[in-house]
Amino acid sequence: MPLLHRTFERVRPWVDRVQRLAEDLEVPGDRSEAALEPLRDERDALLNRIRGELLQIQEMGLEIKGADGLVDFRARRGERHVYLCWRFGENEVSHWHDLQTGIAGRRPIDNPDDFAPTYLS
């Protein structure tokens with residue numbers, strides 16, 4: 001959890017800035033290509049930084065579902081494959097969902113012993 005917290009504390013402001021830059025770039029106007037180029041360059045540099053930071057988490061076998069801090073861990077619940085789910089701001093992995101439902105199907109973990117880790121990619 002400390003690695004996830006540190007990583008997303010660093011990345012979240014960059015994600016916010018990229019979103020603002022994307023909005024600025026989408027607004028029609030009479031700006032020249034030369035005026036837009038610095039915005040595109042900043043956006044691209046931030047995207048590369050974000051990818052670099054999140055790569056270390058992905059290399060651990062975790063699945064990034066949102067660059068703003070949503071991560072899934074593969075697990076088994078009985079014979080079913082499921083995701084354990086963590087969201088930025090949570091102190092522990094306290095939710096799970098089926099592989100197909102995503103965050104909309106999040107449910108609290110009532111008994112951690114119901115789950116076993118898996119390393120399927």
Side-chain angles (χ1 to χ4, degrees):
M1 292 299 95
L3 173 63
L4 291 176
H5 278 284
R6 282 192 309 272
T7 300
F8 285 104
E9 280 178 348
R10 237 183 344 270
V11 167
R12 286 170 58 88
W14 302 340
V15 170
D16 290 343
R17 178 66 181 148
V18 165
Q19 289 171 338
R20 286 193 306 276
L21 287 166
E23 290 167 5
D24 288 348
L25 289 165
E26 288 176 6
V27 173
D30 53 356
R31 295 182 287 183
S32 69
E33 283 298 312
L36 295 174
E37 191 168 337
L39 298 176
R40 286 190 191 109
D41 290 345
E42 182 183 358
R43 178 202 58 199
D44 294 346
L46 285 169
L47 286 171
N48 284 331
R49 286 173 75 183
I50 292 166
R51 285 185 197 108
E53 289 287 329
L54 298 182
L55 182 61
Q56 66 179 320
I57 293 171
Q58 291 172 316
E59 288 175 343
M60 295 169 48
L62 307 181
E63 297 183 29
I64 309 289
K65 300 298 181 167
D68 60 342
L70 185 61
V71 179
D72 283 344
F73 306 73
R74 290 205 176 236
R76 278 192 350 255
R77 185 171 191 244
E79 295 302 313
R80 288 180 25 216
H81 291 277
V82 298
Y83 284 123
L84 300 179
C85 185
W86 177 84
R87 188 177 358 197
F88 182 78
E90 296 174 346
N91 294 323
E92 59 186 15
V93 176
S94 58
H95 290 78
W96 70 280
H97 60 82
D98 290 315
L99 297 180
Q100 301 81 12
T101 61
I103 193 166
R106 276 181 109 208
R107 298 181 226 166
I109 295 174
D110 295 322
N111 183 3
D113 293 334
D114 290 346
F115 299 88
T118 183
Y119 302 99
L120 295 175
S121 55

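In what follows, residues are counted from 1 in the order of the sequence shown.
Two residues are said to be in side-chain contact when any heavy atoms from C-beta on lie closer than 4.5 Å; Leu47 and Trp14 fail this criterion. At least one side-chain heavy atom of Glu42 sits less than 4.5 Å from a side-chain heavy atom of Leu21. Contact of the Tyr83 side chain with the Leu99 side chain is registered, since non-hydrogen atoms from C-beta on lie closer than 4.5 Å. Between Arg77 and Asp98 the shortest side-chain heavy-atom distance does not fall below 4.5 Å.
Nearest heavy atom pair, residue His97 against residue Cys85, reads CD2-CB, 3.7 Å. Of all heavy-atom pairs spanning Thr7 and Gln56, the tightest one is OG1-NE2, 3.9 Å. Of all heavy-atom pairs spanning Leu84 and Ala75, the tightest one is CG-CB, 3.8 Å. The heavy-atom pair separating Pro38 from Ala34 by the smallest distance is CD-O, 3.2 Å. Considering every non-hydrogen atom in both Pro13 and Phe8, the closest pair reads CD-O, 4.5 Å. Heavy-atom minimum distance, Glu92 versus Met1: CA-SD, 4.0 Å.
Here Arg10 pairs with Glu53 under the salt bridge (charged side-chain N to carboxylate O under 4.0 Å, His left out) rule; sequence neighbours left out. With sequence neighbours excluded, the residues that form a side-chain hydrogen bond (donor to acceptor under 3.5 Å, both in side chains) with Arg51 are Asn48. A search for side chain to side chain contact (heavy atoms under 4.5 Å, CB included) contacts involving Leu36 returns Leu25, Arg31, Glu33, Leu39, Arg40, not counting sequence neighbours. Partners of Phe73 according to the ring pair (Phe, Tyr, Trp, His ring centres under 6.0 Å) rule, which considers only residues two or more places apart in sequence or in another chain, do not exist here. Residues satisfying the side-chain hydrogen bond (donor to acceptor under 3.5 Å, both in side chains) criterion with Glu9, sequence neighbours excluded, are absent altogether. The salt bridge (charged side-chain N to carboxylate O under 4.0 Å, His left out) search around Asp41 returns none, not counting sequence neighbours.
Hydrophobic clustering (ILVMFWY, side-chain heavy atoms < 4.5 Å, transitive): Ile103 and Ile57 are in distinct clusters. If you chain together hydrophobic residues whose side chains sit under 4.5 Å apart, Leu55 and Val11 never meet in one group. A continuous path of ILVMFWY side-chain contacts below 4.5 Å connects Phe88 to Met60, so both sit in one hydrophobic cluster.
Look at Arg80 and Asp114 and you find no salt bridge, because none of the NZ, NE, NH1 or NH2 atoms lies under 4.0 Å from a carboxylate O.
Here Arg74 contributes atom CZ and His81 contributes atom NE2; the two are 8.0 Å apart, rounded to the nearest 0.5 Å. Between the CG atom of Asp68 and the CD1 atom of Ile50 there is a distance of 10.0 Å, given to the nearest 0.5 Å.
Listed for the Arg87 side chain is no donor-acceptor partner under 3.5 Å among the backbone atoms of Leu70.
The number of heavy-atom neighbours closer than 6.0 Å to CZ of Arg107, taken from other residues, nucleotides and ligands shown, is above 12.
Relative ring orientation between Trp86 and His5 is described as perpendicular, the plane-to-plane angle rising above 60° on a 0-90° scale split at 30° and 60°.
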